[in-house]
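Counting convention: from 1, in listed order, for ligands and their atoms alike.
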Amino acid sequence: MAKDDTPTRDATLCVHPPEVSQEGYASLAVPTYRASTIVYPDGEAFLRRATRGADGYTYGLHGTPTTRTLEEQITRLHGGARTLIVPSGQAAISMVMLAVLKPGDHVLIPDNAYPPVRALCADYLNPRGIAHTVYDPMIGAGIADLIEARTRLLWIEAPGSGSMEVPDVPALIAAARARGVLTGCDNTWATPLLFKPLAHGADIVCEALTKYVGGHSDLLLGSITVADIALHRELRATLGTLGIGVSPDECALALRGIQTMAVRLAHVGQVAEDFARRLVGRPGVAAVLHPALPSHPGHAAYSRDFKGGSGVFSLVLEPGQEAHLGAALGALKVFAIGASWGGTHSLVAPQDIASIRTATRWPHAGPLLRLSIGLEDPAELWDDLAGLLDRLSAG
Ligand SMILES: *Cc1c(COP(=O)(O)O)cnc(C)c1O
């Protein structure tokens with residue numbers, strides 16, 4: 001069987017895996033292609049490798065068929081032009097800002113942004129000559145008054161992290177577009193299954209795939225999907241220059257997770273909304289922050305623009321329960337205490353929203369608990385939650 005050019009020396013055999021037949025092999029799984037080096041058929045092809053462009057394979061850092069499959073799947077779900085996969089959700093946001101903002105530019109971020117975004121602007125971009133203004137997420141078309149000649153990007157998060165207000169995304173985008181300002185939206189909560197920002201005119205949508213796409217609390221990835229191919233080239237160049245790429249093994253986990261996302265999301269969305277409605281008016285609960293509730297800030301925009309809710313919402317406890325909170329949370333049986341939501345396990349995380357607000361006054365006095373509903377038995381989850389509230393109101 002050995003052809004003339006088949007190596008025969010042991011050390012070379014160790015380096016060259018044999019080619020085996022793939023005849024008849026068909027699998028439903030996306031193969032995990034790993035590579036740093038990409039090899040070329042001849043010297044000419046190697047010398048011309050730059051002509052392969054932003055979509056071509058030239059180096060493992062810039063993608064393999066596994067990462068491209070995940071990119072393309074997310075692109076299709078969002079109806080975008082291209083997607084880039086980066087090491088985390090926060091990296092997705094920071095890469096967008098690093099790629100599009102230059103010294104002298106200005107970015108608008110909402111008061112309910114994922115907190116590290118505020119830190120990115122204040123602690124990293126500001127000292128490098130990029131200014132920011134924090135806006136009231138419910139400002140709507142009034143955002144026009146905050147757009148300056150130097151404003152390059154309007155950042156949106158819908159709904160806000162933990163605080164859950166739903167901004168009027170189409171109004172924000174319309175005001176930005178009228179002034180030639182790029183718009184980007186953090187869509188982690190909704191996923192493209194429940195909200196598609198590009199369809200509302202956004203230029204960029206970022207997601208923490210860490211959450212619902214991964215779905216099992218065991219990976220970190222982020223996505224940047226753009227509506228315009230020129231923006232893709234700009235972002236791809238920035239990632240390459242900064243040396244940002246992802247492991248195809250993480251992408252393979254995400255490709256597995258995304259297959260069940262629609263079913264998981266439908267389930268947790270329904271349980272979360274049911275719990276939210278049942279928690280309204282319960283002793284010890286001052287407010288339930290779920291956009292499906294008519295009293296919720298942005299309920300009208302949510303009903304108009306979103307297909308439904310995911311599994312994350314918050315509740316505000318009556319003031320005075322802070323002292324018992326630690327012990328009461330420690331006695332939970334099914335809910336785990338932790339921040340990075342979207343997995344199969346239900347989570348609870350206390351948050352202090354008032355202390356991070358700068359553009360708006362947080363209207364609630366009591367402590368806030370952010371809940372992420374997972375896939376456990378809903379009745380058992382409800383008993384756990386009810387037990388927590390009973391312990392808290394008993395003191
Ligand atoms: C978790 C999260 C992020 C960051 O994602 P990581 O993968 O943890 O960096 C960004 N935005 C929102 C809304 C998130 O919930």
Side-chain angles (χ1 to χ4, degrees), residues 70 74 78 83-98 107 109-121 124 134 137 153 155-167 169 184-195 197 202 204-225 239 244-247 250-251 253-254 257-258 261 264-265 268-269 272 289-291 298 302 306 309-314 336-343 345-351 353 356 368-374:
L70 181 60
I74 291 170
H78 271 299
T83 295
L84 294 150
I85 307 292
V86 294
S88 68
Q90 173 67 4
I93 301 166
S94 65
M95 287 304 122
V96 166
M97 295 201 179
L98 291 179
V107 53
I109 61 167
D111 211 11
N112 58 5
Y114 177 65
V117 173
R118 191 186 284 270
L120 169 70
C121 291
Y124 190 88
V134 182
L153 177 69
W155 194 249
I156 299 168
E157 186 170 326
S161 267
S163 55
M164 305 300 298
E165 313 93 324
V166 180
V169 177
C185 185
D186 182 336
N187 196 49
T188 301
W189 183 82
T191 85
L193 300 181
L194 301 174
F195 184 56
I204 304 160
V205 55
C206 285
E207 273 169 26
L209 307 184
T210 308
K211 308 286 172 52
Y212 284 122
V213 169
H216 297 75
S217 311
D218 57 1
L219 70 87
L220 285 148
L221 282 177
S223 64
I224 307 166
T225 306
L239 294 186
I244 307 293
V246 297
S247 157
E250 300 292 292
C251 292
L253 285 175
I258 203 170
M261 183 166 75
R264 285 187 281 109
L265 213 53
V268 298
L289 309 181
H290 190 298
Y302 170 78
F306 286 63
S310 67
V312 174
F313 71 102
S314 298
I337 302 164
S340 192
W341 44 264
H345 290 254
S346 293
L347 296 178
V348 57
Q351 277 191 314
I353 303 244
I356 53 179
L368 179 141
L369 296 179
R370 187 186 64 199
L371 303 179
S372 171
I373 300 301

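Contact atoms of ligand 1 toward Gly89: 4 (C), 5 (O), 6 (P), 7 (O), 9 (O) (distance under 4.0 Å to a heavy atom of the residue). Atoms of ligand 1 lying under 4.0 Å from at least one heavy atom of Ser161, given by number and element, are 13 (C). The contact set between ligand 1 and Thr210, taken as ligand atoms under 4.0 Å from a residue heavy atom, comprises 6 (P), 7 (O). Heavy-atom contacts of Gln90 reach the following atoms of ligand 1: 4 (C), 5 (O), 6 (P), 9 (O) (cutoff under 4.0 Å).
With respect to atom 8 (O) of ligand 1, the closest heavy atom belonging to the protein is Tyr114 OH, 3.9 Å. Of all protein heavy atoms, the one closest to atom 12 (C) of ligand 1 is Asp186 OD2, 3.4 Å. Ranking protein heavy atoms by distance to atom 5 (O) of ligand 1, first place goes to Ala208 CB, 3.2 Å.
Checked against a 6.0 Å centroid threshold, the rings of Trp189 and Tyr212 do not count as neighbours.
Atom CD1 of residue Ile353 and atom CG of residue Leu368 lie 5.0 Å apart, to the nearest 0.5 angstrom. Note that the CD1 atom of Ile93 and the CD atom of Glu207 stand 10.5 Å from one another [nearest 0.5 Å]. Atom-to-atom distance recorded for Thr225:OG1 and Ile204:CD1 is 10.5 Å, nearest 0.5 angstrom.
Aromatic ring orientation, His290 versus Tyr302: perpendicular (interplanar angle above 60°, classes split at 30° and 60°).
The closest approach between Trp341 and ligand 1 falls below 4.0 Å for a heavy atom of the residue.
Looking at Gln90 and Ser88, their side chains never bring a donor and an acceptor atom within 3.5 Å of each other.
The minimum heavy-atom distance between Ser161 and Glu157, with the atom names listed, is OG-OE2, 2.7 Å.
Of the options Glu207, Glu157, Lys211, the smallest heavy-atom separation from atom 13 (C) of ligand 1 is shown by Glu157.
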